[in-house]
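Below: one structure, written as structure tokens.
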Amino acid sequence: MPSLRDAARGRILFGGDYNPEQWPEEVWEDDVRLMKDAGVNSVTLGVFSWAKIEPRPGAREFGWLDRLMDLMHTHGIGVVLATPTASPPPWMGAEHPETLPRGEDGSVVWYGSRQQFCASSPVYRRHAAALTEDLAARYADHPALTVWHINNEYCTHCWCDGTAAHFRRWLRDRYATVEALNEAWGTAFWSQRYDTWEQILPPRKAQYMKNPTQVLDFKRFTSDALMECYLAERDIVARHTPQIPVTTNFMPLWSGQDAWAWSAQEDIVSVDVYPDPKAPQAAQYNAMLADMTRSQAAGPWMLMEQAAGPVNWRGVNHPKPAGLNRLWSLQSVARGADAVCYFQWRQSRQGAEKFHSGMVTHAGENGRTFREVKQLGAELATIGEAVSGADVPSEVAILHDWDSWWAGAQEGRPSRLLDYTEIVQSWHRALWESGISTEFARPEADLSRFRMVAVPQLYLLTDAAIDNLVAYVRGGGTLVCGFFSGIADADDRIRPGGMDVRMRDLCGIRTLHEWWPLDADTTVECDGFRASVWSEELEADPGAEVVSAYRGGELDGLPAVVRNDRAYYVSTLPEPDALRSLLGRVAAEAGAVPVLAGLPEGVEAVRRGDLLFLLHHGRGSVTVPVPGAQVDLLTGAAVNGSVDLGRYGVAVLRGATL
Ligand code: GLA
């Protein structure tokens with residue numbers, strides 16, 4: 001199977017979305033000059049070019065794209081060629097209104113923006129396939145082609161009649177009979193029983209809370225329906241060019257696509273990452289998304305989009321201070337990225353994204369952003385050969401699952417303040433701040449190679465997942481399980497006892513009496529720490545150890561953290577320092593150690609292959625002690641005993657005694 005390695009060929013791909021159709025052709029030569037200047041070796045063409053290629057139904061205007069493909073090839077720049085199917089032209093919606101998505105209340109999502117397609121529409125699919133076929137045939141042998149990029153950030157949802165029919169077909173495959181569906185959905189509740197398939201609808205606007213399993217199945221279905229669109233286009237391009245890797249770019253930690261399932265269908269896993277430069281945890285967030293994407297890719301991955309400066313879709317859009325773009329880019333490389341690309345090459349002058357930065361901003365080649373882009377391009381060229389393709393070893397896994405997220409994030413739960421992604425981020429942060437390298441894994445994955453497995457919060461666990469966790473601990477692994485986990489089965493049916501008995505036995509919990517979720521901005525005292533979001537009224541097994549108990553309030557004296565041999569249960573969300581020391585201590589017991597001990601505040605160490613990346617997230621200067629004699633690949637300087645890092649400084653050391 002083709003892979004990122006085939007496209008990168010020992011380099012780090014560097015470049016971005018290139019939308020030359022927004023510019024007169026005179027600008028293209030200037031683009032190429034600046035690309036060469038910046039060390040750009042890859043551009044993504046065609047992402048939103050449908051109306052340019054097919055201005056009216058059946059037309060094909062490829063001349064401009066031919067010229068661009070040739071231009072890129074002449075200058076040694078590879079092309080990630082997109083199927084432009086994310087943004088159907090207005091003629092599609094005007095002539096075929098059934099291709100336009102409808103909201104839960106039946107309202108139409110009109111053209112005039114982008115991504116206005118219903119994934120279940122046969123007309124949309126037919127047009128998308130025909131265009132993909134012609135695009136693939138035309139450029140199959142073009143020497144500039146390096147990667148196929150299918151669509152863009154698949155994210156549409158639709159509740160129309162066509163979707164309803166498609167949803168019913170999906171449900172028939174899953175349940176075979178209406179009776180089995182009634183059973184799974186628990187339709188005895190509130191008189192929701194269905195008598196025929198035809199009565200079943202997507203979960204449309206309703207009077208009160210919807211059937212949770214219907215909502216869960218609709219989320220599963222929507223991810224699958226979008227994936228059918230992806231697979232149809234992927235199969236077309238793969239038939240023309242079996243040697244060219246295929247990807248579609250994810251929004252990271254996005255609930256609309258089960259990225260575990262999707263990644264398995266990609267040759268390259270790629271992702272679009274936009275941390276807010278002002279967010280206090282932005283560096284860790286960037287690290288977490290890198291770890292997640294690397295885990296989905298099971299190896300090197302492609303940073304398909306990031307912003308060189310500000311985005312334009314937050315309430316307040318902050319630029320990146322000098323040096324931050326370089327730091328976060330190298331952090332992504334440290335954590336497995338073999339491609340560092342941007343949205344977009346040249347900042348637009350018109351359209352909805354004219355205030356979104358580009359690699360070349362409105363300030364042009366003399367702007368700070370472009371100067372920094374150039375520096376980064378040169379540095380990536382310097383370290384490319386040493387780093388590309390190398391692994392990032394991790395001995396700790398964090399479990400993460402879309403089914404559980406979908407089921408747990410619905411109405412009618414014990415607390416609306418329980419935010420799955422925030423809990424995942426808190427646990428990753430604790431390990432990141434401990435300097436411990438982590439991966440993400442799905443709950444049913446083979447976990448045997450990890451010394452420790454962390455479950456931040458998995459409300460829904462299948463029987464297979466629970467058996468997997470039990471077997472993992474029996475086999476010598478160490479498990480730390482967070483609250484409100486193992487509660488529901490695959491149909492979102494509450495497990496007997498309120499938490500699965502195998503999970504309770506594993507974690508040393510005899511009875512889970514009640515959940516005691518906490519109000520916003522309130523905390524609960526426990527031995528040794530304060531905690532927020534959640535607490536539980538638990539009774540531990542007599543043989544289990546109560547590591548920490550609640551103090552004060554209704555739960556005074558009851559267990560907060562329980563240990564049963566190598567399985568820990570954490571029934572609340574300890575404040576960050578406490579969670580860090582808890583997970584750091586358990587990881588150490590399990591034999592998982594930080595990448596480098598004794599790091600100054602704000603310095604992150606990541607091992608990739610035989611390289612040691614040191615990344616300084618602070619603005620002052622620090623001296624980092626490092627073992628042995630080494631060379632900093634970025635500067636060529638010899639390093640002996642310690643390395644000095646200034647504001648947002650980075651060193652990439654080779655020869656380290658690791
Ligand atoms: C996404 C899209 C891009 C662009 C950026 C802006 O990642 O894929 O087309 O809109 O957002 O941040």
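Just so we're clear, the structure is a prediction, and the values are computed from it rather than from any experiment. As the structure lists them, so they are numbered: ligands from 1, and atoms in each ligand from 1.
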Given the side-chain rings of Phe218 and His157, with only the six-membered ring counted for Trp, is the space between their centroids under 6.0 Å? no
Give the contacting part of His356 toward ligand 1: side chain, backbone, both or neither, where contact means a heavy-atom distance below 4.0 Å. side chain
Heavy-atom nearest neighbour in the protein, as seen from atom 11 (O) of ligand 1, with distance rounded to 0.1 Å: Glu305 OE1, 3.7 Å
Atoms of ligand 1 close to Glu353 [distance to a heavy atom under 4.0 angstrom, numbered from 1]: 4 (C), 5 (C), 6 (C), 10 (O)
Measure up the Phe117 and Tyr124 rings against each other and bin them: parallel (under 30°), tilted (30 to 60°), perpendicular (over 60°). parallel
Any Arg114 heavy atom less than 4.0 Å from ligand 1: yes
Check whether NZ of the Lys or CZ of the Arg Arg67 lies under 6.0 Å from the centre of the six-membered ring of Trp28 and within 45 degrees of that ring's axis. no
For Glu153, atoms of ligand 1 separated by under 4.0 Å from a heavy atom: 1 (C), 2 (C), 7 (O), 8 (O)
With heavy-atom distances below 4.0 Å as the criterion, list the atoms of ligand 1 near Trp313. 6 (C), 12 (O)
Is the ring centre of His240 less than 6.0 Å from the ring centre of Trp148? no
Ligand 1 to Asn152, heavy atom cutoff 4.0 Å, flagged ligand atoms 2 (C), 8 (O), 9 (O)
Asn41 and Leu13, any side-chain heavy atoms less than 4.5 Å apart: yes
Which atoms of ligand 1 are found less than 4.0 Å from any heavy atom of Phe48? 9 (O)
Let's go through Glu133 and Arg239 carefully: what are the C-alpha distance in whole Å and the side-chain angles of both, what is the deciding distance for salt bridge (Lys or Arg N to Asp or Glu O under 4.0 Å) to 0.1 Å, and is it a yes or a no? CA-CA 10 Å; Glu133 184 72 45; Arg239 178 161 41 75; 2.8 Å; yes
